[in-house]
Amino acid sequence: MTQFAGISIDKIGRGAAEVPTESVQGNSMSAAPAGVPQQETAAAAAVSVKRVSKVFGDVHAVREASFDLPKGRFLTILGPSGSGKTTLLRMIAGFDAPTAGDIYIGGQPVKAVPPHKRAIGMVFQKLALFPHMTAAENVAFPLKMRRHDARTIPQKVERYLELVRLGGYGKRRINELSGGQQQRVAIARALVFEPDLLLLDEPLAALDRKLREEMQLEFRRIQKELGVTTINVTHDQREALVVSDEIVVMDGGEIQQMAQPVHTYRTPANAFVANFIGVTNFLEGPVVETSDEAIVLSVGGMRVNGAAGGTARVPSQGELAAGALRAEQIRIAPTVQGFSGLGNVVNGEVRDAIFEGERIVYEVGVPELGGAVLRVFDHDAESHQQFGPGDSVALGWNAKDMYIFKK
Amino acid sequence: MRPSRAAYPMRWRVMDSLERIAGLLWPRSFSAGLPYLMLLPALLLVGVLVWGLVEIGDSSLRTLDTSTFLMSENYTLANYQRALNERFFTTVAGRSLMGSLIVTVITLVFAFPYSYLMVRTPSSALRKFLLVALFLPFFIGQVVRAYGWLIILGNQGMVNEALGLVGVSPIRLLYNYPAVLFGLVQYMLPFAVLMLAPAMTAIPAELESAASSLGANWISTFRHIVLPLSKPGLVGAGLVVFTLSLTDFAIPAILGGGSQDFIANAIYDQFFRTSDQGMGATLSLLLVAVGSILVGLVFMVFGAGTLAMGGDRK
């Protein structure tokens, strides 16, 4: 799914980026639907970001960002490049000072604390390992700088190298290690002094896909093993879903949503989040009918049933709105037979069929919806008939799977 | 099959015909020899230098007959004995070596923060200013700059006049050892910065952020990260400054006023004042030898630094 994010969604969604996004500030975990286990919210926040802004010249890199992260949780700040996610992380690390707002680590304000006095371990984008030192010397560096007892240092170094499965590699120089091994040294170095907080600044971005996925699980394992509070920054939605306890989605310097991965995916707070995570079709049109649960849009003259999405105001009748529909929520069949239970059924013509191994991706033009092209995933390709370009097909989806956002 | 006009545009046709002509003039089988052919001018130049060195070696083995002012016919090592034993020559040599060493150390100490600031400053205006300030002295020759110091530091110079205003009688600021070293440092600084800056550019700024997040204050970051990683630049800059200082002529001549001669001044005197070609040649060869041995030693101990052009292993 990763490689699909952002590709030609605009073509399908007809400029989803134009959909104004409603910023969700504060601790929007409370915005998650009822019944979600909310353990640990009572515990003191390990990191607390309060209305933090950062202005570079006349660019608002971060605007009024706020969130609380309980101790021991793994948070991912997810956003496209330029969304302000790295700036926010650098402010938490202490490399940049916020223009406005406060950051608390372990309950203490850190405004006046320089980076080297904050107990924060950080893994950098380019790892920033010291090339003139061995792996063990790199890991020992923070211990020496923090004046740990010199006699215990070699033991600790070895223990953390073993934690990242590099036992016995200590004497290697950095350039004698592979990319994945360097990655592990960087993690060991950031963790060896037992920091209160671990920051990850897209350290996996440069790795190839296989290694990246392996390291994602590795991060998760180590984080769970040590229970260290972690903030990870990435533009990779798959990574965010895989590793995190919480996801903060950022765009244009503002926090769009903070929720657990499942809720970020299933109940996006606004059109931006819906578009950024997963492959989403957007159908636009005026609202013709609203009730408690259902909203009906008129798309190309056809009535389309959906549900109110996000925490933003429900669009009222006559307003222009956009319906977000995940590609995997659409069912595809030769005829409408068997679609009886679905709230929306349309006929279309296959424009393109892309075989991706575990699934087939169809692009289906639907004249009834004003010529909109929908992207449809078919995961169970074997039992189905496979369609080719030009085939007539029927599409159907549940009304509750289509979220209507204010346009 | 003849390609159609559209598939074979004019530009390709011109290039193809040019290549065909080039192929006739210089067949592909010759191309293996091309690099060597290009080396030829350099070899010629070095050859002339080697020939000159041999000539100098020849005259260094002949002594001057003071009655006829002709060089002796037979070879003798008398010149070398004089150079190593006579007080005057050992003093000059010691002064030059010691002076170059002091100049090298002071220049590196000054050049380091300058290049660091130039490489790391976020302000492009400041970076440009530092670069221009660095290159400006290159437009003014060494001799002109030395005369400039005469004007500033002379007995009736600006410094002494300023001191006179506060009632201090003129101090002799010129024609002594510190004046020569001062002039040399001022002259060498741009070279050192130019050698250091690339080495510092090669240190990612992220390493310093990393060090600070790992608990190092700026002194520790400097000592454990910046300094060791600048070593190639320091070695390269040090070698350049040392060899240029050791062989410098104008600064010791002008700011030393004849009382603070370096080896190059002594050589000049032998060739053009006493007309003792043999002795001049001997001193020249000894200077080349001492310089080469010292550079060789530094290469062996520290590696070639930035002078290795990326070919060093350390």
Side-chain angles (χ1 to χ4, degrees), chain A residues 56-57 86 89-90 92-96 105 110 113-133 137-148 173-176 182 185-203 206, chain B residues 108 112 115-116 119-127 196 198-238 298 301-314:
Chain A
F56 293 111
T86 297
L89 194 79
R90 287 181 61 86
I92 296 170
F95 297 132
D96 289 325
I105 297 172
V110 291
V113 184
H116 70 270
K117 296 242 171 89
R118 298 185 186 190
I120 294 178
M122 183 153 173
V123 182
F124 288 78
Q125 202 161 14
K126 289 178 192 131
L127 301 185
L129 293 170
F130 304 131
H132 57 302
M133 299 181 189
E137 282 166 350
N138 264 283
V139 178
F141 185 81
L143 298 175
K144 282 184 189 147
M145 291 302 117
R146 287 164 195 273
R147 311 209 181 285
H148 283 232
R173 290 194 148 263
I174 294 307
N175 57 14
E176 291 165 355
Q182 292 184 3
V185 174
I187 301 165
R189 189 181 67 172
L191 288 172
V192 70
F193 58 98
E194 287 157 20
D196 301 337
L197 178 62
L198 176 66
L199 302 180
L200 309 171
D201 182 14
E202 296 202 57
Chain B
L108 290 184
F112 200 92
S115 4
Y116 184 82
V119 168
R120 283 285 189 264
T121 176
S123 146
S124 72
L126 179 61
R127 186 177 7 259
L196 267 175
M200 288 196 172
T201 316
I203 307 173
E206 218 181 33
L207 290 190
E208 289 165 54
S209 302
S212 109
S213 87
L214 294 169
N217 57 25
W218 73 267
I219 298 171
S220 302
T221 304
F222 175 81
R223 200 163 77 84
H224 295 287
I225 310 301
V226 181
L227 199 58
L229 288 174
S230 320
K231 203 185 78 180
L234 286 170
V235 171
V298 171
V301 178
F302 296 111
T306 43
L307 298 177
M309 310 288 172
D312 64 342
R313 294 165 305 273
K314 266 201 98 177

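Proximity to chain B involves both the backbone and the side chain of A/R189, based on heavy atoms less than 4.5 angstrom apart. For a residue to count as touching a neighbouring chain, one of its non-hydrogen atoms must lie under 4.5 Å from one of that chain's; by this rule A/L127 touches chain B with the backbone only. For chain B, no part of A/L143 is nearby; none of its heavy atoms comes within less than 4.5 Å. When heavy atoms are compared at a cutoff of 4.5 Å, A/F124 approaches chain B by way of both its backbone and its side chain.
Side chain of A/R118 to main chain of A/I92: a donor-acceptor pair is present (N/O by atom type, distance under 3.5 Å, no hydrogens or angles). The backbone N or O of B/W218 lies less than 3.5 Å from no partner atom in the side chain of A/H116, so there is not a single donor-acceptor pair.
In this structure, B/L214 and A/M145 have side chains that are not in contact, with every pair of non-hydrogen atoms separated by 4.5 Å or more.
The number of heavy atoms from other shown groups lying within 6.0 Å of CZ (B/R223) does not exceed 12.
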